[in-house]
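See structure below.
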Amino acid sequence: MPVIPIILCGGSGTRLWPLSRKAYPKQFMPLVGDKTMLQDTILRLPDLGCAAAIVISNQEHRFLAAQQLEEIGVKAEIVLEPEGRNTAPAIAAGALLALKSDKDAILLVMPSDHIISDVPAFHDAVEAAIPAARKGALVTFGITPDYPATGYGYIEKGEAFDKTGRIFQVKQFREKPDQKTAMEFIASGGFYWNSGIFLFTARHYLEELEAHQPEILKAVKKAVSKAQRDLDFLRLDEAAFKASPSQSIDYGVMEKTAKAAVVPVSMGWSDVGTWSVLLELGEADQDGNVVRGEVVMMETKKCYIRSDRGLVGTLGIKDLVIVNMDDALLVAHRDKVQDIKGMVDLMAAQNRPEIDIHPKVYRPWGNYQTIDFGPRFKVKNIEVKPGARLSLQMHHHRAEHWVVVEGTAKVTRGEEVILLEENQSTYIPIGTKHRLENPGKLPLHIIEIQSGAYLEEDDIVRFDDVYGRTPIKPGKPPGKKK
């Protein structure tokens with residue numbers, strides 16, 4: 001039977017702030033090429049002859065994950081975690097589901113936010129690891145280090161696993177080292193970066209999980225047995241899954257099992273953990289700068305500069321990371337970007353919304369982007385996919401003005417239904433039931449102007465929704481946020 005990929009698609013999106021946010025983490029972004037990191041991960045698989053993937057995603061990102069798979073013509077089972085519990089429970093859910101189709105299923109576990117530039121080398125390593133996995137080994141892939149990195153954990157290889165010379169027993173896992181220790185690791189020649197990619201049979205992983213983390217297995221078994229189908233998604237039971245301890249596969253299983261093995265490989269791997277990595281991976285100009293967006297530079301060297309909105313001008317700077325978004329600007333020395341998580345924690349203590357919400361918000365029907373706001377008004381650019389429609393809804397505290405920029409809009413407003421063409425507009429009074437639809441074959445673009453005393457997203461009463469989102473009880477206005 002073919003290998004079944006388990007794609008881990010969670011993540012909080014803090015290390016690449018302000019581009020990556022909790023609501024829109026890095027795996028859903030095209031950071032290096034034209035495809036997103038999730039799409040690139042899936043597109044590495046066809047030449048391996050893999051079965052359909054199982055994608056483990058947070059329920060908040062379900063429509064975003066589904067849309068990105070649809071864009072590349074790939075069908076996968078998208079499994080929804082009600083709450084993140086780290087990698088050990090997520091992989092357990094994938095393993096239990098894989099066993100339903102194949103009692104001898106071999107799983108290839110991959111994070112969705114890694115870069116692998118040498119895909120043939122990756123395929124070769126996976127194929128080399130399959131015989132060991134069939135024999136019961138829990139195989140990880142150790143990246144041959146090319147510098148003494150302090151941002152990765154390391155794997156120390158032990159004795160040869162077999163006679164091929166490709167696979168070794170794991171002697172021990174080592175935490176992220178300081179610079180001196182990392183240099184000693186490199187000099188010894190027996191250490192590899194821990195890639196977080198694994199290959200093993202579902203049965204052997206679950207056996208080791210039961211031996212070392214029985215409470216995780218108990219909770220996840222219950223969550224899978226009580227899972228419910230929701231449109232094209234499979235929802236794990238919320239209460240059961242939340243009862244699972246939160247634990248990584250590294251700490252929970254791989255560091256405890258006697259069956260860990262490692263395949264060393266050099267495959268152009270990176271987990272894109274900091275902005276400085278994108279500077280190293282990008283196509284630099286003659287001064288060592290990597291630039292995306294509208295940027296004008298003078299006397300600027302070895303900088304990563306990205307502008308998703310507006311022009312950025314630089315003069316007389318070196319070794320900086322500058323990321324300009326609609327709602328936030330990052331300026332950091334490239335040697336300090338590994339500390340961005342601490343800065344995000346500081347912003348969280350100040351209740352800053354910019355750490356969670358991305359300027360562009362994706363929904364099952366399309367997306368919207370806030371382009372301006374102020375006291376009692378907010379302006380959005382809304383895109384509705386062909387054939388899609390928003391929920392039938394109303395608002396207690398705001399009115400809405402819609403102007404069609406491109407496409408055709410079908411608007412339900414109270415008891416009337418109207419069609420609007422380009423440059424036409426309508427007005428939705430406070431308290432009026434309404435729905436926006438795109439009956440055409442091209443995307444619908446509208447500008448929405450909200451006005452009122454309260455403009456947050458929780459001011460919505462949802463009466464009907466084709467995407468199965470939880471209805472909100474009519475007649476109960478939300479409280480204002482403090």
Side-chain angles (χ1 to χ4, degrees), residues 23 59-60 62-64 66-67 228 230-233 235 353 357-481:
Q59 63 179 0
E60 294 180 6
R62 62 194 185 280
F63 295 115
L64 189 53
Q67 176 183 327
Q228 298 290 323
D230 178 5
L231 300 177
D232 294 330
F233 310 105
R235 286 183 178 274
I357 306 302
H358 195 273
K360 179 174 280 190
V361 178
Y362 287 85
R363 292 290 186 257
W365 43 261
N367 65 78
Y368 69 84
Q369 186 166 3
T370 300
I371 55 179
D372 197 7
F373 64 92
R376 301 185 64 88
F377 83 91
K378 183 181 290 186
V379 183
K380 291 181 177 179
N381 183 355
I382 297 177
E383 178 181 347
V384 184
K385 295 185 292 187
R389 60 179 179 169
L390 284 66
S391 61
L392 181 64
Q393 58 186 255
M394 59 88 73
H395 310 293
H396 287 286
H397 303 289
R398 72 175 185 249
E400 294 176 343
H401 306 252
W402 294 344
V403 180
V404 177
V405 177
E406 184 177 14
T408 301
K410 181 180 179 182
V411 178
T412 299
R413 186 180 60 186
E415 298 299 322
E416 64 175 331
V417 177
I418 59 176
L419 287 177
L420 298 178
E421 303 291 340
E422 185 175 322
N423 294 325
Q424 294 181 327
S425 63
T426 190
Y427 166 65
I428 311 296
I430 293 175
T432 301
K433 285 186 181 181
H434 60 278
R435 190 201 299 269
L436 177 64
E437 303 179 52
N438 180 0
K441 296 182 179 180
L442 298 174
L444 165 65
H445 293 268
I446 75 166
I447 298 298
E448 176 183 89
I449 303 172
Q450 302 176 359
S451 60
Y454 184 74
L455 305 173
E456 299 300 326
E457 292 303 314
D458 58 357
D459 179 20
I460 177 175
V461 176
R462 188 176 290 130
F463 298 95
D464 174 65
D465 184 64
V466 297
Y467 306 105
R469 291 173 293 179
T470 304
I472 300 173
K473 186 177 180 180
K476 188 177 181 182
K480 290 187 178 182
K481 296 181 179 178

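For the atom pair Lys433 NZ and Leu392 CG, the distance stands at 6.0 Å (nearest 0.5 Å). Taking NE2 of His401 as the reference point, atom CD of Gln450 lies at 10.0 Å (rounded to 0.5 Å). Between the NE2 atom in His358 and the OG1 atom in Thr370 there is a gap of 12.0 Å [rounded to 0.5 Å]. Atom OH in Tyr362 sits 5.5 Å away from atom CG in Asn367 (nearest 0.5 Å). The CG atom of Leu455 sits 6.0 Å away from the NZ atom of Lys378 when rounded to the nearest 0.5 Å.
For NZ of Lys380, the number of neighbouring non-hydrogen atoms (other residues, nucleotides, ligands) closer than 6.0 Å is greater than 12. Dense packing is recorded around CZ of Phe377, with more than 12 heavy atoms of other residues, nucleotides or ligands lying under 6.0 Å away. Counted within 6.0 Å of CD on Glu415, heavy atoms from surrounding residues, nucleotides or ligands total 12 or fewer; the atom is thus considered open.
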For residues 434-444, tabulate all N or O donor-acceptor pairs below 3.5 Å that involve a side-chain atom, not counting sequence neighbours.
| residue | atom | partner | partner atom | Å |
| --- | --- | --- | --- | --- |
| His434 | ND1 | Gln393 | O | 3.2 |
| His434 | ND1 | Thr432 | O | 2.9 |
| His434 | NE2 | His395 | NE2 | 3.4 |
| His434 | NE2 | Glu400 | OE1 | 3.4 |
| Arg435 | NH1 | Leu390 | O | 3.0 |
| Arg435 | NH2 | Asp464 | OD2 | 2.8 |
| Asn438 | OD1 | Gly440 | N | 2.9 |
| Asn438 | ND2 | Val384 | O | 3.0 |
| Asn438 | ND2 | Lys385 | O | 3.3 |
| Asn438 | ND2 | Leu442 | O | 2.8 |

Cut-off 3.5 Å, no hydrogens considered: what does the side-chain donor-acceptor table look like for residues 417-428, sequence neighbours left out?
| residue | atom | partner | partner atom | Å |
| --- | --- | --- | --- | --- |
| Glu421 | OE1 | Thr408 | OG1 | 3.1 |
| Gln424 | OE1 | Glu421 | N | 2.7 |
| Thr426 | OG1 | Arg413 | NH1 | 2.5 |

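Applying the ring-ring contact (aromatic ring centres under 6.0 Å, His included) rule to Phe63 yields the partners Phe233; only residues at least two apart in sequence or on another chain are considered.
Considering every non-hydrogen atom in both Tyr467 and Leu231, the closest pair reads O-CD1, 2.8 Å. Between His396 and Ile430, the shortest heavy-atom contact is O-CG2, 3.2 Å.
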>> Before you tell me yes or no, could you show the steps for Arg389 and Lys410 under side-chain contact (heavy atoms from CB on, under 4.5 Å), namely the whole-Å CA-CA distance, both residues' side-chain angles and the distance that decides it to 0.1 Å?
In response: CA-CA 9 Å; Arg389 60 179 179 169; Lys410 181 180 179 182; over 6 Å; no
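Between Asn381 and Ile447, some side-chain heavy-atom pair lies under the 4.5 Å cut-off.
Between the side chain of Arg398 and the backbone N or O of Glu456 there is at least one donor-acceptor pair closer than 3.5 Å.
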